[in-house]
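See structure below.
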Amino acid sequence: MSSFVESKMANLVNSQGAEYVEYNKRQLSRIYPAGGRVDSSNYNPQNAWNAGCQIVALNYQTDSEPMHVNQGKFRTNGRAGYILKPAILRDPSVKFNPLSKTEIPGVEKVAISIKVMSGQQLPKPAGGTKGEVIDPYVVKDNGFNPVWDETFKKVLLMPELVMIRFAIFDEDVGIVDDFIGQFSLPYTSLRPGYRHIHLLGNKGESLGYASIFVHIEISSSSKNPQATDLHIWRRLRRGSRPPR
């Protein structure tokens, strides 16, 4: 097993992505946060997973988007802590570049459409004042049961590697937006149809009945040529504006 600091991993993925994938088919790679992260912040683990790195270490004491995605990744398999890599990252006869933006031989790309319809019983952010009405980005001052009806579409070239994160924030003018709740999961755990996504807190704790109501459609990309390149896990914005 070899250990790589996050910057070395990123350099290998960006400059020798296909070769690094081949390396990880025969060798264990452990990725660890840079020593300069004195605030115990985290890097995005997705790049390391895409390259087939087996051990992607994070600062577990810090609750943040990278940790939410990590928790969602390993929520599958009964939280056993181990997940089998996709075949394309294990088969020595198949070549794969994690930075590829074109169709991958042997992998069926899919088109996904998620309509985020509404929120139910959203809690106030931690530290909120009594009587405060939150403004969760789309419908002003309707924090308990907001309605959004925003649709996001994306074509996935390598579905087995995709992670999706739903996150709700309370929009504040002139200051940092307050975090309300989130839920992260692999694409492979999605099911089409109408679904309630039950939200978790910043530390992964349950938020009771707080949820968002969504409609999910999944199809081969050839049946959905209008799918646009939007990141569905990014935050909702006001009105009809797309996520930033």
Do you know the tightest heavy-atom contact between [X] and [Y]?
X    : Y    : answer
L122 : P146 : CD1-CG, 3.7 Å
M67  : N59  : CE-O, 3.6 Å
P98  : A18  : CD-N, 4.1 Å
S2   : Y23  : OG-OH, 2.9 Å
V116 : V214 : CA-CG1, 4.1 Å
V155 : K109 : CG1-CD, 4.0 Å

Show me the donor-acceptor pairs, under 3.5 Å and distance only, between side chains in residues 204-211 and residues at least two apart or in other chains.
residue	atom	partner	partner atom	Å
E205	OE1	K203	N	3.0
S206	OG	G208	N	3.1
S211	OG	Q120	OE1	2.9

* Begin from the C-alpha positions of N202 and H68 and carry the test side-chain hydrogen bond (donor to acceptor under 3.5 Å, both in side chains) through to its verdict. => CA-CA 8 Å; N202 199 35; H68 298 160; 3.0 Å; yes
In this structure, would [X] and [Y] fall into the same cluster of hydrophobic residues linked by side-chain contacts under 4.5 Å?
X    : Y   : result
V69  : F74 : yes
M163 : L99 : yes
I88  : V21 : yes

* Given the rule in the side chain to side chain contact (heavy atoms under 4.5 Å, CB included) test, do L200 and Q182 qualify, once you have shown the distances and angles that lead to the verdict? -> CA-CA 5 Å; L200 301 177; Q182 60 84 27; 3.9 Å; yes
* Give the C-alpha distance, both sets of side-chain angles, the deciding distance and a yes or no for side chain to side chain contact (heavy atoms under 4.5 Å, CB included) between W49 and N70. => CA-CA 10 Å; W49 293 335; N70 184 75; 3.5 Å; yes
Rounded to the nearest 0.5 Å, what's the gap from [atom1] on [X] to [atom2] on [Y]? Could you check?
X    : Y    : atom1 : atom2 : answer
I114 : I218 : CD1   : CD1   : 8.0 Å
T76  : L84  : OG1   : CG    : 11.0 Å
S189 : K73  : OG    : NZ    : 10.0 Å
I168 : I212 : CD1   : CD1   : 5.0 Å
I164 : I216 : CD1   : CD1   : 7.5 Å
S118 : H196 : OG    : NE2   : 6.5 Å

* To do: Tell me, with the steps shown, if Y187 and L161 meet side chain to side chain contact (heavy atoms under 4.5 Å, CB included).
  => CA-CA 8 Å; Y187 160 81; L161 288 175; over 6 Å; no
* By salt bridge (charged side-chain N to carboxylate O under 4.0 Å, His left out), which residues pair with R37, not counting sequence neighbours? -> E6
* Asked: Which residues pass the salt bridge (charged side-chain N to carboxylate O under 4.0 Å, His left out) test with E22, sequence neighbours left out?
  ->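 Expected list: K25, K95.
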* Can you name the side-chain hydrogen bond (donor to acceptor under 3.5 Å, both in side chains) partners of S7, sequence neighbours left out? -> none
* side-chain hydrogen bond (donor to acceptor under 3.5 Å, both in side chains) involving N24 - partner list, sequence neighbours excluded -> S29
Determine whether a donor-acceptor pair (N or O, by modelled atom type, separation under 3.5 Å) exists between the side chain of [X] and the backbone of [Y].
X    : Y    : result
S113 : E217 : no
Q54  : Q27  : yes
N77  : Y82  : yes
R75  : S184 : yes

* Trace of the side chain to side chain contact (heavy atoms under 4.5 Å, CB included) decision for R30 with L28 -> CA-CA 7 Å; R30 170 185 173 268; L28 292 175; over 6 Å; no
[Y] and [X], any side-chain heavy atoms less than 4.5 Å apart:
X    : Y    : result
L157 : V107 : no
V94  : P105 : no
M1   : I55  : yes
L190 : I112 : yes
P33  : Y43  : yes
T188 : P159 : no
L185 : F166 : yes
N50  : V13  : no

* **All pairs passing salt bridge (Lys or Arg N to Asp or Glu O under 4.0 Å) where residues 80-92 contributes a residue, at least two apart** => none
* Asked: Any chance CD of E19 has more than 12 other-residue heavy atoms, nucleotides or ligands included, within less than 6.0 Å?
  ->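 Yes - once you tally the heavy atoms of other residues, nucleotides and ligands closer than 6.0 Å, there are more than 12.
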* **Among W148, Y194, F152, ring-ring contact (aromatic ring centres under 6.0 Å, His included) partner for H215** =>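 Filter result, single survivor: Y194.
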* **Plane angle bin for F179 and F169 - parallel if under 30°, tilted between 30 and 60°, otherwise perpendicular** =>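 Taking F179 first and then F169, their aromatic rings stand perpendicular (interplane angle over 60°).
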